[in-house]
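One structure below.
Note that the structure is predicted; figures quoted are calculated from it, not measured. These numbers come from the heavy atoms of this one structure, side chains and all, not from hydrogens, waters or symmetry mates.
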Amino acid sequence: MRLTDTRTRRVEEIRPERSRRLTMYACGPTVYRSQHVGNLRTFVLGDLISRCAETLHGWSVELVQNITDVGHLADDTGIELAGEDKLLLAAREENRDPFEIARFYEAQFHEDCAALNIKPAARYPRASECIELIVDLISRLMDKQHAYVGADGSVYFDARSFPSYGAISGNRLEDLRAGHRQDAAELSAGKRFHADWALWKSAGANRQMVWDTAWGPGFPGWHIECSAMSLHYLGETFDIHTGGIDLRFPHHEDERAQSESAVGHEVVRHWVHGEHLLADGRKMAKSTGNVVLVRDVAERGFDPLAVRLFYLTGRYRQQMNLTWDAIAGADRRLRRWRTKVAAWAEAPSAAMAEDYVGRLREAFEDDLDTPTALVALADLEKDDAVPAGAKFETFAWVDRVLGLDLVRDVGKPVMAAELPDGAADLLQRRERARAAKDWAASDTLRDELTSLGVAVTDGPDGQTWTVS
RNA sequence: GGCGGGAUGGCCGAGUGGCUUAGGCAAGGGCCUGCAAAGCCCUGUACGCGGGUUCGAUUCCCGCUCCCGCCUCCA
């Protein structure tokens with residue numbers, strides 16, 4: 001398996017350190033709002049790596065994904081307003097327990113992942129439940145002189161104590177512009193150097209989500225939880241760390257500095273970053289106002305997995321521009337494939353089409369070249385030389401990587417679908433109308449059946465129907 | 001100012017020094033149908049701008065323009 005490593009800036013051969021077990025950490029959601037399809041794109045990236053490892057190599061995958069439910073959550077005001085649970089909104093406005101909010105969005109995150117066929121991680125540690133790990137790690141960094149208590153009582157990491165700072169992002173400490181987006185004085189308060197960052201934030205006036213420590217009451221900084229969790233759950237060396245490209249700096253740079261300063265060597269063997277999903281040509285973000293949620297896709301009548309297929313039409317290292325036309329196109333292709341796969345499943349069984357399997361395998365291995373894999377599938381779909389049974393087996397196999405539920409409709413026509421009330425009668429009347437060549441009545445009845453969710457098709461042997 | 005990624009036909013999006021210049025969706029034509037839908041077959045339109053290298057560049061080099069992202073909220 002080859003993947004582009006952000007740190008080495010090259011495509012690297014991935015071999016698990018522990019021969020057949022791939023260890024991976026995926027930066028997870030901050031659960032104070034809904035995850036949008038841009039966030040989900042990155043999670044699908046991790047899922048693709050997992051599925052390739054399992055399906056193509058037979059490796060087991062140990063994936064850990066954090067749930068950030070403390071920290072910068074505390075002073076963020078960006079909560080969803082439209083279509084949200086009113087109780088939740090009230091809780092927020094009345095300054096009720098923020099953990100209620102966190103748990104609500106955490107549950108929603110899992111639902112959205114399930115809708116996109118993202119396989120669950122082995123663990124989803126919550127930051128709020130890893131405070132001990134975090135405090136221990138900060139203590140180690142203090143002991144090793146990589147951290148200090150600032151003038152404001154917060155604990156900071158001393159960026160200049162980590163010589164290879166910038167290895168992932170290409171940034172140089174001396175070139176970073178202090179306070180590029182915020183007031184420099186405010187940001188640097190308590191720090192010795194503007195690029196230092198908080199490991200432990202002093203509670204200040206906050207009363208909720210605050211823990212007591214030797215440095216006083218407070219809460220963890222943004223980056224430290226990932227170091228603490230990954231070191232604890234995956235060990236001092238693990239294979240792959242994924243995340244969105246925006247996390248490359250400062251989040252992953254800082255995480256790397258913390259982890260390596262603590263253990264004294266490189267912890268993450270390969271950093272893999274997914275590019276952004278754009279909408280209207282801009283990064284999808286709440287603040288930009290171009291957010292699309294999984295439920296928005298469903299509400300327009302599209303299968304959420306059309307979004308997953310849409311991701312697959314581009315490479316993970318490229319930005320993609322989301323349009324509803326593109327989603328509609330993916331949705332249509334998805335339906336067509338499912339219908340065909342179901343039809344092929346009825347044919348005599350046959351072994352997989354090995355030449356196509358080879359093409360597919362090679363595409364995935366080549367830095368997750370999913371567009372090329374989809375081309376191979378399009379070719380296979382139309383290849384008359386391949387028996388239907390072999391097409392079925394090959395599509396079923398590849399779906400273990402693609403995760404598109406391509407076999408969803410298999411066996412469906414065999415099962416007797418329940419007709420809605422009155423539909424059987426309409427069908428009988430339509431059959432009589434057709435026999436009498438009363439096309440006007442036939443069309444009216446077809447419309448009525450459609451509104452009941454029964455799709456009628458006319459063929460040489462009369463009408464057939466399916467229930468949607 | 002530093003760092004990272006782009007600009008391909010109506011839309012999305014691969015890719016390549018020339019060879020049949022992906023694929024999907026849409027569109028146009030056809031088959032099928034009483035008419036549709038679905039399905040099937042066929043068919044266009046392209047490589048941001050200006051130089052250079054080359055027999056030949058969308059692909060390599062130089063310059064330019066524009067776009068997106070990060071520089072301590074960010075997938």
Side-chain angles (χ1 to χ4, degrees), chain A residues 6 9 26-30 32 35-46 71-73 75-78 159 166 168-182 187-188 191 194-198 221-223 242-251 253-254 273-278 281-288 309-310 312-315 317-336 339-340 343 369-379 381-382 434 437-440 442-443 446-447 450 455-460 466:
Chain A
T6 311
R9 284 142 224 269
C27 264
T30 306
Y32 61 90
Q35 298 301 113
H36 53 66
V37 295
N39 299 310
L40 272 321
R41 184 187 181 194
T42 300
F43 303 146
V44 166
L45 166 62
H72 50 298
L73 173 74
D75 42 18
D76 201 296
T77 53
I168 300 174
S169 64
N171 284 324
R172 289 178 295 270
L173 219 40
E174 61 270 23
D175 288 328
L176 285 174
R177 184 177 283 188
H180 180 76
R181 299 173 72 177
Q182 292 182 41
L187 276 174
S188 297
K191 298 180 188 177
H194 69 81
D196 294 349
W197 62 93
W222 175 32
H223 318 298
T242 62
I245 192 67
D246 51 351
L247 298 186
R248 185 191 52 211
F249 187 90
H251 183 58
E253 204 69 77
D254 293 355
H273 289 100
E275 255 295 354
H276 285 307
L277 181 68
L278 311 182
R282 310 210 63 184
K283 172 184 172 182
M284 184 175 288
K286 179 93 172 82
S287 55
T288 312
L309 177 53
F310 170 67
L312 266 27
T313 62
R315 299 192 74 161
R317 299 189 59 227
Q318 293 306 128
Q319 293 180 342
M320 293 186 83
N321 194 37
L322 180 80
T323 63
W324 285 108
D325 279 350
I327 296 293
D331 185 76
R332 182 148 182 153
R333 171 152 57 156
L334 196 54
R335 288 173 199 279
R336 191 183 75 234
T339 302
K340 287 195 172 183
D369 188 354
T370 51
T372 293
L374 294 178
V375 170
L377 279 182
D379 289 345
E381 179 188 356
K382 295 181 176 125
R434 290 179 56 73
K437 298 200 186 301
D438 183 354
W439 306 127
S442 168
D443 291 350
R446 179 167 61 194
D447 290 344
T450 299
V456 187
T457 304
D458 298 313
T466 54

Taking atom P of B:rA37 as reference, at what distance in whole Å does atom CG of A:Asp447 sit? 13 Å
Between A:Thr313 and A:Leu374, which residue's closest nucleotide on RNA chain B lies nearer the 5′ terminus? A:Thr313
Just how far is it from atom OG1 of A:Thr323 to atom CG of A:Leu278, taken to the nearest 0.5 Å? 11.5 Å
Nearest-Å distance, CE (A:Met320) to C1' (B:rA14)? 11 Å
Nearest to the A:Ala378 side chain among B:rC12, B:rG23, B:rC25, which nucleotide is it? B:rG23
What is the distance from CZ of A:Arg335 to C1' of B:rC25, rounded to the nearest Å? 14 Å
A:Phe249 has its side chain closest, among B:rC71, B:rG39, B:rG5, to B:rC71
Any N or O donor-acceptor pair linking the side chain of A:Asp458 to the base of B:rC35 at under 3.5 Å? yes
Separation of the C1' atoms in B:rU20 and B:rG52, to the nearest angstrom: 31 Å
Which label fits A:His223 and A:Trp197: parallel for a plane angle under 30°, tilted from 30 to 60°, or perpendicular past 60°? perpendicular
Interatomic distance at P, B:rC19 relative to B:rG13, whole Å: 26 Å
Kindly say if A:Arg172 contacts the phosphate of B:rC3, meaning a side-chain N or O under 4.0 Å from OP1 or OP2. yes
Would you say a side-chain N or O of A:Lys382 is under 4.0 Å from OP1 or OP2 of B:rG23? no
Any donor-acceptor pair under 3.5 Å joining the side chain of A:Arg315 to the base of B:rA14? no
Test for a donor-acceptor pair under 3.5 Å between the base of B:rG5 and the side chain of A:Arg317, counting only N and O atoms. no
Record whether the side chain of A:Thr372 comes under 3.5 Å of the base of B:rG23 through a donor-acceptor pair of N or O atoms. no
May I ask you to say what A:Gly166 touches in the nucleic acid, namely base, sugar-phosphate or nothing, with a heavy-atom cut-off under 4.0 Å? nothing
Given a 3.5 Å cut-off on both pairing distances, which stems involving RNA chain B, each at least three consecutive Watson-Crick or G-U pairs, are present, if any? B:1-7 with B:65-71, B:10-12 with B:23-25, B:27-31 with B:39-43, B:48-52 with B:60-64
When A:Leu247 and A:Trp197 are each assigned the nearest nucleotide of RNA chain B, the 5'-most assignment goes to A:Trp197
Roughly how many Å apart are B:rG48 and B:rG15, using the P atom of each and rounding to a whole number? 15 Å
Using the P atom as the point on both nucleotides, what is the distance between B:rU59 and B:rG1, in whole Å? 28 Å
Atom of A:Gly170, atom of A:Arg9 and distance for their closest heavy-atom approach: N-NH2, 3.5 Å
The side chain of A:Arg336 is closest to which nucleotide in this list: B:rC71, B:rC35, B:rC40? B:rC40
Between B:rG10 and B:rC49 - C1' atom distance, rounded Å: 23 Å
Could you check whether any side-chain heavy atom of A:His276 comes within less than 4.5 Å of a side-chain heavy atom of A:Asp246, counting everything from C-beta outward? yes
Among B:rA75, B:rG13, B:rG5, the one nearest any side-chain atom of A:Asp246 is B:rA75
Starting from C1' on B:rG13, measure out to CG on A:Leu312 and report it in whole angstrom. 12 Å
Looking only at atom C1', what distance separates B:rA57 and B:rA46, rounded to whole Å? 14 Å
Considering only side-chain heavy atoms of A:Asn171, which listed nucleotide, B:rC3, B:rG13, B:rG34, is closest? B:rC3
For a 4.5 angstrom cut-off between non-hydrogen side-chain atoms, does A:Gln319 reach A:Ile245? no
Taking every heavy atom of A:Phe249 against every heavy atom of A:Ser169, the minimum-distance pair comes out as CD1-OG, 3.4 Å
By the rule that syn is within 90° of 0, classify the base conformation of B:rG13 as syn or anti. anti
Among B:rG34, B:rA75, B:rA37, the nucleotide that comes nearest once only the side chain of A:Thr457 is considered: B:rA37
Is the shortest heavy-atom distance from the side chain of A:Leu322 to the side chain of A:His36 under 4.5 Å? no
Which one, B:rC41, B:rC11, B:rA75, comes nearest to the side chain of A:Thr323? B:rC11
Separation of atom CH2 in A:Trp324 from atom P in B:rA26, rounded to whole Å: 17 Å
With respect to the phosphate group of B:rC71, does any side-chain polar atom (N or O) of A:Ser169 fall under 4.0 Å of OP1 or OP2? no
Given atom CZ of A:Arg333 and atom C1' of B:rG13, what is their separation to the nearest angstrom? 10 Å
Does the base of B:rC71 carry an N or O that pairs as donor and acceptor with the side chain of A:Arg248 under 3.5 Å? no
Using a 4.0 Å heavy-atom cut-off across all strands, classify A:Asp196 as base, sugar-phosphate, or nothing. base
Whole-angstrom distance between B:rU65 and B:rU53, as gauged at atom P: 23 Å
For the student: nearest non-hydrogen atoms of A:Gly314 and A:Pro371, plus distance: C-CG, 3.7 Å
Rounded to the nearest 0.5 Å, how far apart are CG of A:Leu40 and CG of A:Leu277? 10.0 Å
When you measure from the side chain of A:Gln318, which nucleotide among B:rG6, B:rA22, B:rG24 comes out closest? B:rG6
Does a distance-only test, which skips hydrogens and angles, find a donor-acceptor pair under 3.5 Å between the side chain of A:Asp443 and the base of B:rG34? yes
Nearest heavy-atom pair of A:Gly38 and A:Met284: which atoms, and what distance? N-SD, 3.6 Å
Under 4.0 angstrom between A:Arg9 side-chain N/O and B:rG4 OP1 or OP2: yes
Nearest-Å distance for atom pair CG/C1', residues A:Leu278 and B:rC68: 6 Å
Distance between the C1' atoms of B:rG24 and B:rA14, in whole angstroms? 11 Å
From the options B:rA75, B:rA38, B:rG34, select the nucleotide whose nearest atom is closest to the side chain of A:Arg332. B:rA38
Closest non-hydrogen contact found for A:Arg41 with A:Gln318 is NH2-O, 2.8 Å
Picking from B:rA38, B:rG5, B:rA75, which would you name as closest to the side chain of A:Met284? B:rA75
